[in-house]
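These notes concern the structure reproduced below.
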Amino acid sequence: MDKERIYDLLGYITSCAKELLVDPPKYGPFRLINVASRIITIFEEEGIADDFMLELKDFIDENKFCMESDEKEFQIFLNELVKKIAVKTAIDLS
Amino acid sequence: MDFDKLMNVIKGRRSIRRFTNKTINKETICQLVEAGCWAPSGGNAQAWVFIVHNNREKMKRFLRFAPGLSEVPGGMIFVCSDKERAYQKSGVLGRDVMASMDASMAGQNIMLAAYALGLGSCVLKGFDHDAAKLLMNLPEHITPEMLIILGEPKSQPKTPARRPLSEVIHYEKWEVK
């Protein structure tokens with residue numbers, strides 16, 4: 001794995017931690033969701049992302065910005081996101 | 001001057017965070033900076049500096065230190081205040097207050113001009129200032145006030161509602177609403 005990509009992620013996570021000390025609370029979930037998207041991007045670039053991950057990334061990137069305009073919609077989006085992963089987990093385990 | 005056209009630009013501008021891969025050329029970025037330079041400034045100090053970027057590989061470095069930046073945009077403008085110039089021209093108030101306000105007004109001009117050119121833009125404060133100063137080799141007296149990201153919009157976000165005028169206007173004195 002390209003070490004630079006890991007440094008990209010480390011820089012992002014640590015910068016987020018610093019910014020979140022002064023950011024509005026709703027930015028916490030937003031930054032975490034961004035981390036999820038960035039992890040998938042790294043996997044994609046490394047050729048190890050599967051179709052489910054790529055779909056998840058699209059879903060995240062399409063919907064995450066509603067955090068700014070509609071908190072209720074953001075909540076629904078997060079619920080759906082976790083549900084998608086839960087359904088996948090249940091299928092994988094069955 | 002056509003008021004309706006101006007209002008269409010003001011009302012049509014949205015914060016765009018997702019862009020196509022198209023790079024914004026240097027000439028266009030210079031046009032936008034010129035629009036920024038025509039903003040008003042306290043004491044006409046013009047205590048601003050614009051660090052412009054359109055190299056995708058180099059912009060990628062900022063993804064590490066800008067939580068507000070989700071992807072590499074087509075171009076970026078860091079609107080900075082020059083605290084030394086602000087102090088020389090407008091004293092302590094200029095350095096500590098007005099320079100930031102002036103940078104904000106320049107930023108708005110840039111974003112409106114971008115919209116008029118068919119570009120999307122978004123202003124970000126979510127970047128690490130220390131890292132930005134290091135990466136751009138900024139001297140102590142130059143403060144990055146905001147980052148404006150630019151690009152060809154990938155999608156058009158919904159228009160968020162605005163608070164009604166009746167809620168925000170107070171005639172001549174504070175009115176309990």
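Here is the naming used below: chain letters follow the sequence lines, and residue numbers restart at 1 for every chain. This structure is a prediction, so every number in the text was calculated from the model and none was measured.
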Sub-4.5 Å side-chain heavy-atom contact between [X] and [Y]:
{"X": "A/Tyr12", "Y": "B/Pro67", "answer": "yes"}
{"X": "A/Glu19", "Y": "B/Phe127", "answer": "no"}
{"X": "A/Asn34", "Y": "B/Ser70", "answer": "yes"}
{"X": "A/Lys18", "Y": "B/Asp130", "answer": "yes"}
{"X": "B/Arg17", "Y": "A/Glu68", "answer": "yes"}

Taking atom [atom1] of [X] as the centre, does the number of heavy atoms from other residues, nucleotides or ligands within less than 6.0 Å exceed 12?
{"X": "B/Asn137", "atom1": "CG", "answer": "no"}
{"X": "A/Phe59", "atom1": "CZ", "answer": "yes"}
{"X": "B/Glu140", "atom1": "CD", "answer": "no"}
{"X": "A/Asp51", "atom1": "CG", "answer": "no"}
{"X": "B/Lys177", "atom1": "NZ", "answer": "yes"}
{"X": "B/Met105", "atom1": "CE", "answer": "yes"}
{"X": "B/Lys22", "atom1": "NZ", "answer": "no"}
{"X": "A/Glu46", "atom1": "CD", "answer": "yes"}

- Engaged part of A/Tyr27 at the chain B interface, taking heavy atoms whose separation is under 4.5 Å: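 No part of A/Tyr27 comes within 4.5 Å of chain B.
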
- Item | Which atoms of A/Asp23 approach chain B - backbone, side chain, both or neither, heavy atom under 4.5 Å | neither

Rounded to the nearest 0.5 Å, how far apart are [atom1] of [X] and [atom2] of [Y]?
{"X": "A/Glu4", "Y": "B/Lys60", "atom1": "CD", "atom2": "NZ", "answer": "9.5 Å"}
{"X": "A/Ser69", "Y": "B/Arg14", "atom1": "OG", "atom2": "CZ", "answer": "10.5 Å"}
{"X": "B/Glu71", "Y": "A/Thr41", "atom1": "CD", "atom2": "OG1", "answer": "9.5 Å"}

- Contacting region of B/Ala161 [heavy-atom separation from chain A under 4.5 Å]: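 Answer is neither: B/Ala161 stays 4.5 Å or more from chain A.
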
- Message: Please classify the contact between B/Lys158 and chain A as side chain, backbone, both or neither, with a heavy-atom cut-off of under 4.5 Å.
- Response: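 For B/Lys158, the side chain is the part near chain A, not the backbone.
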
- Message: Minimum heavy-atom separation for A/Asp8 and B/Arg64, please, with both atom names.
- Response: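 In this case the closest contact between A/Asp8 and B/Arg64 is OD1-NE, 2.5 Å.
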
- Message: Grouping I, L, V, M, F, W and Y whenever their side-chain heavy atoms are under 4.5 Å apart, do A/Met67 and A/Val35 come out in a common cluster?
- Response: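 Yes, because A/Met67 and A/Val35 connect within a single hydrophobic cluster, where side-chain heavy atoms sit under 4.5 Å apart.
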
- Note on the structure: Looking only at A/Ser15, A/Ser37, A/Cys16, the option with the highest number of non-hydrogen pairs under 4.5 Å against chain B is A/Ser15

